[in-house]
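The block underneath contains the structure these notes are about, expressed in structure tokens.
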Amino acid sequence: MSNSSKDNKADKKKKQTPTWISDVRYGRSLSVEFFKRNAWLLMVFLVAMLSLMGLRYKTKTKMEQIKQLSKELQLAESSKLQEKAAYMSLIRETEMKRLVEENGLGLDFQGQPPFELVLDND
């Protein structure tokens, strides 16, 4: 046999047995029989895809909720610190008044800041 006769046989085999790409291109592999044979596999694939899409949506909504709650937590912590500072100043003031009265010192809380006296040396 010569080289050209081998090439002709190889070309005929290639032409006779189409590749999967040409099958898909001409719609031969996606026939009704294909869907009948693989219906259970297609259903499993479809359910898996829908489950993954639902899981991704649920995850995104939960992440947004976490971000929102984190912001609220920061605001609440800030508010807590402000309230704690105000409460601590009230406690200190009340405790000082109690100690002054208990010891009979006769001191009183000043409503206005102290005055600064300036002397003129003229």
Side-chain angles (χ1 to χ4, degrees):
M1 275 193 178
S2 67
N3 246 353
S4 63
S5 66
K6 287 182 181 178
D7 290 337
N8 286 341
K9 285 184 180 181
D11 288 339
K12 285 181 182 179
K13 282 187 177 181
K14 285 183 182 178
K15 289 179 183 177
Q16 289 173 353
T17 56
T19 62
W20 67 274
I21 295 173
S22 64
D23 282 349
V24 170
R25 193 170 106 201
Y26 294 114
R28 289 182 221 147
S29 65
L30 299 175
S31 65
V32 174
E33 290 300 316
F34 171 79
F35 288 107
K36 283 182 183 178
R37 278 182 282 142
N38 298 312
W40 64 272
L41 182 64
L42 292 171
M43 291 301 288
V44 168
F45 181 73
L46 183 66
V47 168
M49 290 302 293
L50 290 174
S51 297
L52 288 173
M53 288 170 54
L55 183 64
R56 181 179 171 152
Y57 174 77
K58 188 176 181 180
T59 302
K60 280 191 170 193
T61 55
K62 292 293 183 184
M63 289 300 290
E64 288 296 322
Q65 187 178 14
I66 288 170
K67 286 180 184 177
Q68 180 187 5
L69 290 173
S70 294
K71 287 179 185 176
E72 284 183 31
L73 179 62
Q74 287 176 346
L75 290 173
E77 285 176 348
S78 171
S79 176
K80 180 191 89 167
L81 287 175
Q82 289 174 351
E83 291 297 322
K84 183 178 178 183
Y87 175 71
M88 292 304 284
S89 74
L90 284 176
I91 287 179
R92 278 187 237 123
E93 183 181 333
T94 308
E95 183 65 19
M96 286 296 153
K97 283 183 181 178
R98 185 188 66 77
L99 286 172
V100 166
E101 289 174 2
E102 190 177 280
N103 292 324
L105 297 176
L107 299 174
D108 195 16
F109 181 72
Q110 213 174 340
Q112 54 185 337
F115 294 102
E116 186 175 318
L117 299 175
V118 179
L119 296 174
D120 289 334
N121 292 333
D122 289 329

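Residue Ile91 shares its hydrophobic cluster (ILVMFWY side chains chained together at separations under 4.5 Å) with Tyr87, Met88. Apart from Met49 itself, the hydrophobic cluster it occupies contains Phe45, where clustering links Ile, Leu, Val, Met, Phe, Trp and Tyr at side-chain heavy-atom distances under 4.5 Å.
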Between side-chain atoms of residues 52-65 and protein atoms elsewhere (two or more places apart, or another chain), which donor-acceptor pairs fall under 3.5 Å?
| residue | atom | partner | partner atom | Å |
| --- | --- | --- | --- | --- |
| Thr59 | OG1 | Leu55 | O | 2.7 |
| Thr61 | OG1 | Tyr57 | O | 3.3 |
| Thr61 | OG1 | Lys58 | O | 2.8 |

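Glu72 meets the side chain to side chain contact (heavy atoms under 4.5 Å, CB included) test with Gln68, Leu69; sequence neighbours excluded. Looking at residues two or more places apart in sequence or on another chain, you find a salt bridge (Lys or Arg N to Asp or Glu O under 4.0 Å) between Glu95 and Arg98. By the side chain to side chain contact (heavy atoms under 4.5 Å, CB included) test, Lys80 pairs with no residue at all, sequence neighbours left out.
Distance alone, capped at 3.5 Å, places no donor-acceptor pair between the Ser79 side chain and the Leu75 backbone.
Remark: Glu101 CD to Asn103 CG distance equals 10.5 Å, nearest 0.5 Å. Note that CG of Leu73 and NZ of Lys71 are 13.0 Å apart. Values are rounded to the nearest 0.5 Å.
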